[in-house]
Amino acid sequence: MSGEQELGITESKEYNTGEWYAEVVQKAKLADYAPMGGFIVTRPRGYELWERLQDHLDGWFKETGVTNSYFPLFIPESYLEQEKDIVEGFDPEVAWVTHGGHDELEERLAVRPTSESIITPFISDWVRSHRDLPMRLNQWASVVRWEATETKPFFRTKEFLWQEGHTAHATNEGAWDEVMTRLDQYAKLYEDVLAIPVLRGSKPEHDKFPGADTTTSVEALMPDGKSVQGGTSHHLGQSFAEAYDVTFTDEDEDEQTAYTTSWGLSWRALGALIMTHSDDQGLVLPPALAPEQVVIVPIYNDENREEVMQYSSEIAAELQEAGVRVHLDDRDERNPGFKFNEWELNGVPVRFEIGGYEVEDEEVTVVHRPDGEEVVEDRADIADAVEEHLDAVFDKLYAAAEENLVENVRAVEDVNEILGTIGQHGGYVKTPWCGDDACEEAVKEKVHAEIVLVPMDDEAVPEAQLDDGEALELESDECTMCGEPAEEIAYFAKTY
RNA sequence: GGGCCGGUGGGGUAGCUUGGUAACCUUCAGCGUUUGGGACGCUGUACCCCCGGUUCAAAUCCGGGCCGGCCCA
């Protein structure tokens with residue numbers, strides 16, 4: 001008995017979140033640590049999550065005018081230097097290639113920390129007239145940012161997988177539409193696929209992407225009260241177009257400078273997914289991403305083995321026919337209890353238990369991963385029923401995450417209360433803000449929390465939150481920190 | 001960036017204080033018996049993180065490094 005725990009999760013999500021997370025990632029076979037600090041190896045089960053996420057997002061991109069392409073891993077130093085904000089913003093964390101074989105290179109090559117500086121010059125080449133616009137390129141790639149922080153698989157690694165979209169537009173409005181389209185798609189990915197509600201907003205001045213006019217993001221609240229920047233979409237204005245000479249001839253034959261955008265979402269989304277839904281039993285996955293949506297565990301003995309297996313395989317075949325990713329766990333050397341635990345650790349959303357009782361009564365016992373709820377369904381309409389169960393699991397996951405978000409947005413109009421509230425509960429604290437960095441700094445120094453977003457409009461507030469009326473209404477129109485007239489509503493939170 | 005803790009078969013640990021034979025649980029592979037919440041028996045499986053030092057002798061002591069986790073800025 002003493003050793004049985006070691007196969008499963010031994011750390012507590014609530015009390016030991018960091019170690020729990022590391023254990024889930026490794027024991028559910030999503031990733032391992034690489035030999036060099038800051039890098040991880042993504043294992044097939046982890047990569048499959050990324051692939052399914054990609055499928056969704058990539059499909060939406062293509063439906064909205066984006067084409068995929070691929071640019072080099074290396075960027076010549078002279079290219080990187082053409083946009084001064086990029087240089088300043090990323091310089092401390094760029095990895096450089098200085099040698100090819102035994103010979104020193106004439107020009108150092110940066111390992112891309114982001115690709116504006118190599119993609120924009122080509123957009124410049126390829127755009128001649130207004131008829132070439134808008135131009136929308138995306139690439140699925142990895143980038144390297146040499147930060148000296150501790151490794152957290154999917155959340156913080158020196159190299160990470162992401163997609164980066166780069167677009168050019170004839171007008172400012174065109175670029176704005178683009179920025180919002182991508183932000184909406186990121187929100188949709190989180191909410192409809194990952195079952196994680198997000199807040200949408202823009203970043204304060206100092207936290208913008210280097211060189212951007214506006215940086216927008218979707219933010220997700222983790223169960224430990226910290227906010228994760230889930231995806232970003234930048235309006236770059238004309239600064240990149242000017243730096244890299246993206247110009248075009250308009251309808252009146254005048255030369256114009258384009259407006260550009262860029263937007264990215266990384267595998268940090270997987271980190272948020274794991275952190276949000278998983279529990280002390282292991283990984284929990286929403287049906288849309290799960291490598292197996294349904295696992296069938298047959299329960300038999302010597303007498304009924306054949307009937308049970310027959311019955312189970314027929315159901316498996318029927319589900320597969322219906323487009324469900326189903327796995328029949330027919331391993332003879334493991335007993336059912338072991339299989340239950342193992343598939344729970346692996347996060348499979350729905351389990352079918354099929355034994356002598358089910359065969360006899362022409363039924364299936366259906367169990368939901370998130371809460372262990374058990375329902376007996378008729379064999380006859382199992383293919384329809386399974387869709388409902390998958391939806392039900394999604395709804396449970398979303399509801400739990402939404403509850404966490406709604407309960408943890410608080411309105412505060414006193415500085416000390418901001419500090420106290422964040423210290424005690426974590427989560428988001430919204431407060432009127434004059435827009436001055438110094439006022440944010442005053443809070444940041446004391447509680448290690450910063451402004452993670454300024455909502456763009458009221459829609460940034462989740463619907464359920466509106467019911468909760470009075471506690472969330474802000475009375476004051478003065479900056480909580482300095483008393484000057486407030487320009488915006490700031491959301492403070494601790495971050496990853 | 002500062003501090004603390006850790007690294008021993010695939011996973012989890014003991015051994016380190018007091019230097020000398022690496023022990024236990026589990027997984028894994030094979031065979032047999034089992035099978036409604038982590039079954040059982042037998043058999044098999046070791047670069048003690050790396051480099052250097054001290055020593056007749058280092059998992060153990062010393063120095064440096066690498067990797068991970070936690071706390072603080």
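Residue numbers begin at 1 in each chain, while the letters A, B, ... track the order of the sequences.
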For atom CD of Glu353(A) and atom C1' of rG36(B), their distance in whole Å: 7 Å

C1' spacing across the pair rC28(B) / rA59(B), given as an integer number of angstrom: 25 Å

Residue matched to rG1(B) through Watson-Crick or wobble contacts both under 3.5 angstrom: rC72(B)

Separation of atom CD in Glu19(A) from atom P in rG69(B), rounded to whole Å: 9 Å

Base rG37(B) paired with Glu344(A) side chain (donor-acceptor, <3.5 Å): yes

Residue Ile299(A), side-chain heavy atoms: nucleotide from rG11(B), rU34(B), rG36(B) that is nearest: rG36(B)

Out of rU27(B), rU35(B), rG37(B), whichever nucleotide has its closest atom nearest the side chain of Leu7(A): rU27(B)

Out of rG68(B), rU35(B), rC70(B), whichever nucleotide has its closest atom nearest the side chain of Pro336(A): rU35(B)

Distance, P atom - from rG64(B) to rU60(B), rounded to whole angstrom: 16 Å

Pair Glu88(A) + Lys84(A): basic N to acidic O under 4.0 Å: no

Short side-chain N/O contact to rC40(B) OP1/OP2 from Arg334(A), under 4.0 Å: no

Atom pair distance, as rounded to whole Å: CG in Asp332(A) and P in rG32(B): 11 Å

Between rG36(B) (P) and Phe338(A) (CZ): distance, integer Å: 14 Å

Gap between atoms CG and P, on Asn346(A) and rG37(B) respectively (whole Å): 20 Å

Parallel, tilted or perpendicular, as decided by the 30° and 60° cut-offs, for the rings of Tyr398(A) and Phe394(A): parallel

Candidates rG36(B), rA73(B), rG69(B) - which lies nearest the side chain of Tyr357(A): rG36(B)

Nucleotide of rU35(B), rG36(B), rG37(B) approaching Asn301(A) most closely (side-chain heavy atoms): rU35(B)

Any strand: nucleotide that pairs with rG9(B) via Watson-Crick or wobble, under 3.5 Å: none

Whole-Å gap separating P (rC66(B)) and CZ (Phe39(A)): 15 Å

Gln281(A) side chain, from C-beta outward: closest of rU27(B), rA73(B), rG37(B): rG37(B)

Quiz item: Glu333(A) side-chain donor-acceptor pair to rG30(B) base, under 3.5 Å: no

ring centroid sep under 5.5 Å plus plane angle under 30, Phe340(A) with rG38(B): no

Which nucleotide in rG38(B), rG69(B), rG68(B) has an atom nearest any side-chain atom of Thr151(A): rG68(B)

Charged tip of Arg351(A) within 45° of Phe340(A) ring normal and under 6.0 Å: yes

Asp224(A) CG to rC70(B) P, straight-line distance once rounded to whole Å: 11 Å

